[in-house]
Undergrad: 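Here it is, the structure, as structure tokens.
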Amino acid sequence: MEKRVIVAYVLWAIGGPFGLHHLYLRRDNHALLWMLTLGGFGVGWAREFLRIPAYVDEANEATRGRKRSKNPIPPPSSLIRFSGQVCVGIYFGTVALIGLSSLNYFYLIVLPLSVGAGVHLVSSVGQQTSDLHKTLIACLVTSPIFYGSTLSPLPISLAASVTAAQHRRFKPPRPPGSKPDLAPRLYRLGLAWLAFSAPLGYCIFHNTTATLYYLSDCLAELLNIFWFLPWLRNVIEYLLLIPYRILCALTGGGYTEEAWRKVLEILLREYTEKEKQALQVLSLTADSSVEEITRSYRELAKTWHPDHNPSKEAETMFIKIHEAYEVLLRRHNPNRLK
């Protein structure tokens, strides 16, 4: 069936960053690349606005089974393709560093294979491909040189990209009339996407608590900047809660609302590191009331006031106690999270 330019443009506009138009044109490697990089980090997707007619022509030629020469010359070199190989190789390597760095022999095997897979995916986009074995060998040889370095994906990706460029070639033409079913293609793409995203997803969920604490600290510090303007602080807090309010309006409550409410409590109510230190200074627990905070502050301030305590640490300790009291008072602002 002939592919149509207008259909390709519609799919490009609707789901271009996810490779829908490439899936329609049977450019599965390109579709997978776009799925994993959200349209080449957005840049590649925008660039394709002018490239789609050429892609449609290539797809229709392949459908008609137009034959290439038995000994074709190598494809012309492309700076854009080479740059894409380097960037995607680094991207794959970074994802591996995030999700798989705890594995044994990571820098010797896992990292170079991950970078090589990213480079080869870009080199296999469209009518071109490269020698996968030589690309992986270049990665495996380069990786031990930069063993243990967090910057190692860069030199490994450069070595792999140079090797892939040197061994680039055209793909063999598909047999005339061949029409692979959509279901097997989607199955293979799904497996590839799962292999890429599963380690990263596991890492994120495994460290959910640390991630939420980090977000909590960031949001709390952002709100604390405006402690002297309560109205502005409330406005910012309201904007941050808009997604939660929309979710409540759409779901009408239930388990989903309860789950999100707990998440938001962690994000916006969890004690920051500065507040935890303040609790330690005043010898308080996380559930202490304002009255208990004030009582503890007065007792400690009386004990450590330089006029009543001649020790050398008295002045420093008194300042710490006062700062901790101010931090916890801002924490218990009655205008917070109404």
Side-chain angles (χ1 to χ4, degrees), residues 19 22 25-37 40-41 43-44 47-48 51 54-55 57-59 61-62 65-96 105-147 149 151-175 178 180 185 188-189 191-193 195-196:
H22 290 304
L25 298 173
R26 293 173 60 183
R27 297 168 61 90
D28 289 355
N29 288 339
H30 213 156
L32 177 61
L33 177 63
W34 260 214
M35 291 177 190
L36 300 182
T37 63
F41 313 108
V43 178
R47 173 178 172 269
E48 286 182 332
R51 298 279 300 163
Y55 292 157
D57 289 341
E58 289 179 5
E61 287 179 8
R66 181 174 294 180
K67 294 183 178 180
R68 301 191 189 100
S69 171
K70 292 184 178 179
N71 296 306
I73 60 174
S77 59
S78 170
L79 180 60
I80 294 178
R81 185 181 291 263
F82 181 82
S83 301
Q85 289 172 349
V86 175
C87 292
V88 174
I90 295 173
Y91 172 59
F92 274 48
T94 303
V95 170
Y105 307 108
F106 171 77
Y107 286 97
L108 294 177
I109 298 176
V110 180
L111 179 61
L113 292 181
S114 301
V115 174
V119 171
H120 185 72
L121 179 59
V122 178
S123 67
S124 299
V125 163
Q127 296 181 329
Q128 297 187 30
T129 188
S130 186
D131 192 317
L132 174 61
H133 295 90
K134 292 181 179 178
T135 301
L136 294 180
I137 289 174
C139 294
L140 292 169
V141 170
T142 308
S143 183
I145 301 174
F146 302 93
Y147 184 90
S149 172
L151 299 177
S152 55
L154 173 58
I156 298 173
S157 184
L158 282 171
S161 298
V162 170
T163 303
Q166 290 176 340
H167 297 89
R168 64 187 184 277
R169 64 177 184 270
F170 285 109
K171 294 177 181 176
R174 288 194 292 263
S178 62
R185 293 169 57 205
R188 289 192 293 268
L189 288 174
L191 287 180
W193 182 85
F196 176 87

Undergrad: Do the non-hydrogen side-chain atoms of I145 and P155 ever get within less than 4.5 Å of each other?
TA: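 Counting from C-beta outward, I145 and P155 never come under 4.5 Å.
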Undergrad: Looking at every heavy atom in both L136 and G116, which two are closest together, and how far apart are they?
TA: CD2-CA, 3.9 Å
Undergrad: Applying side-chain contact (heavy atoms from CB on, under 4.5 Å) to H30 and E48, what does each step give before you reach the verdict?
TA: CA-CA 12 Å; H30 213 156; E48 286 182 332; 3.3 Å; yes
Undergrad: Using a 4.5 Å cut-off on heavy atoms from C-beta on, say whether the side chain of F82 contacts that of S77.
TA: no
Undergrad: Considering only heavy atoms from C-beta outward, does the side chain of R188 approach that of W193 to under 4.5 Å?
TA: no
Undergrad: Nearest 0.5 angstrom please: D28 CG to S124 OG, how far?
TA: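 D28 atom CG to S124 atom OG measures 12.0 Å (nearest 0.5 Å).
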Undergrad: Rounded to the nearest 0.5 Å, how far apart are OG of S83 and CZ of R81?
TA: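 If we round to the nearest 0.5 Å, S83:OG and R81:CZ are 12.0 Å apart.
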Undergrad: Run the ring-centre check on F196 versus Y91 and record whether the distance is less than 6.0 Å.
TA: yes
Undergrad: What I'd like to find out is whether the side chain of D131 reaches to under 4.5 Å of the side chain of R169, using heavy atoms alone.
TA: yes
Undergrad: Could you tell me if the side chain of V122 sits less than 4.5 Å from the side chain of L33, heavy atoms only?
TA: yes
Undergrad: Once rounded to the nearest 0.5 Å, what's the spacing between atom OH of Y107 and atom OG of S152?
TA: 6.0 Å
Undergrad: Would you say the side chain of F92 lies within less than 4.5 Å of the side chain of V119, judging by non-hydrogen atoms?
TA: no
Undergrad: Do R168 side-chain atoms and P75 backbone N/O form a donor-acceptor pair below 3.5 Å?
TA: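 Checked: pair present.
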Undergrad: Compare every heavy atom of S157 with every heavy atom of Q85, then report the nearest pair and how far apart it is.
TA: O-OG, 3.5 Å
Undergrad: Between CD1 of I90 and OG of S161, what distance do you get to the nearest 0.5 Å?
TA: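 The OG atom of S161 is 8.0 Å from CD1 of I90, to the nearest 0.5 Å.
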Undergrad: Quick check: do K171 and N29 have side-chain heavy atoms less than 4.5 Å from each other?
TA: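 In contact.
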Undergrad: Please assess F146 against L154 for the test side-chain contact (heavy atoms from CB on, under 4.5 Å), listing each intermediate value before the final yes or no.
TA: CA-CA 10 Å; F146 302 93; L154 173 58; over 6 Å; no
Undergrad: Taking all non-hydrogen atoms of both residues into account, name the closest pair between A59 and L25 and its distance.
TA: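 Between these two residues, the closest heavy atoms are CB-O, 3.7 Å.
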Undergrad: Please report the shortest heavy-atom distance between A192 and L32, naming the atom on each side.
TA: CB-CD2, 3.7 Å
Undergrad: Rounded at 0.5 Å granularity, tell me how far CG in L121 sits from CG in L36.
TA: 6.5 Å
Undergrad: Return the minimal non-hydrogen interatomic distance between I156 and P112, and the atom names on each side.
TA: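 Residues I156 and P112, closest heavy atoms: CG2-CA, 4.4 Å.
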Undergrad: Go through it in stages, so that I can follow the logic: the residues are F170 and T129, the test is side-chain contact (heavy atoms from CB on, under 4.5 Å), and I'd like the CA-CA distance, side-chain angles, deciding distance and then a yes or no.
TA: CA-CA 6 Å; F170 285 109; T129 188; over 6 Å; no
Undergrad: Would you say the side-chain atoms of H167 and T163 include a donor-acceptor pair closer than 3.5 Å?
TA: no
Undergrad: What's the shortest heavy-atom distance between L140 and L113, and which atoms?
TA: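 Minimum heavy-atom separation between L140 and L113: CD2-CD2, 4.5 Å.
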Undergrad: Is the closest side-chain heavy-atom distance between E58 and Q127 below 4.5 Å?
TA: yes
Undergrad: Any chance you could measure S143, atom OG, to F106, atom CZ, to the nearest 0.5 Å?
TA: 8.5 Å
Undergrad: Report the C-alpha separation of Q166 and K134 in whole Å, then their side-chain angles, then the decisive distance to 0.1 Å, and conclude whether the side-chain contact (heavy atoms from CB on, under 4.5 Å) test is met.
TA: CA-CA 10 Å; Q166 290 176 340; K134 292 181 179 178; over 6 Å; no
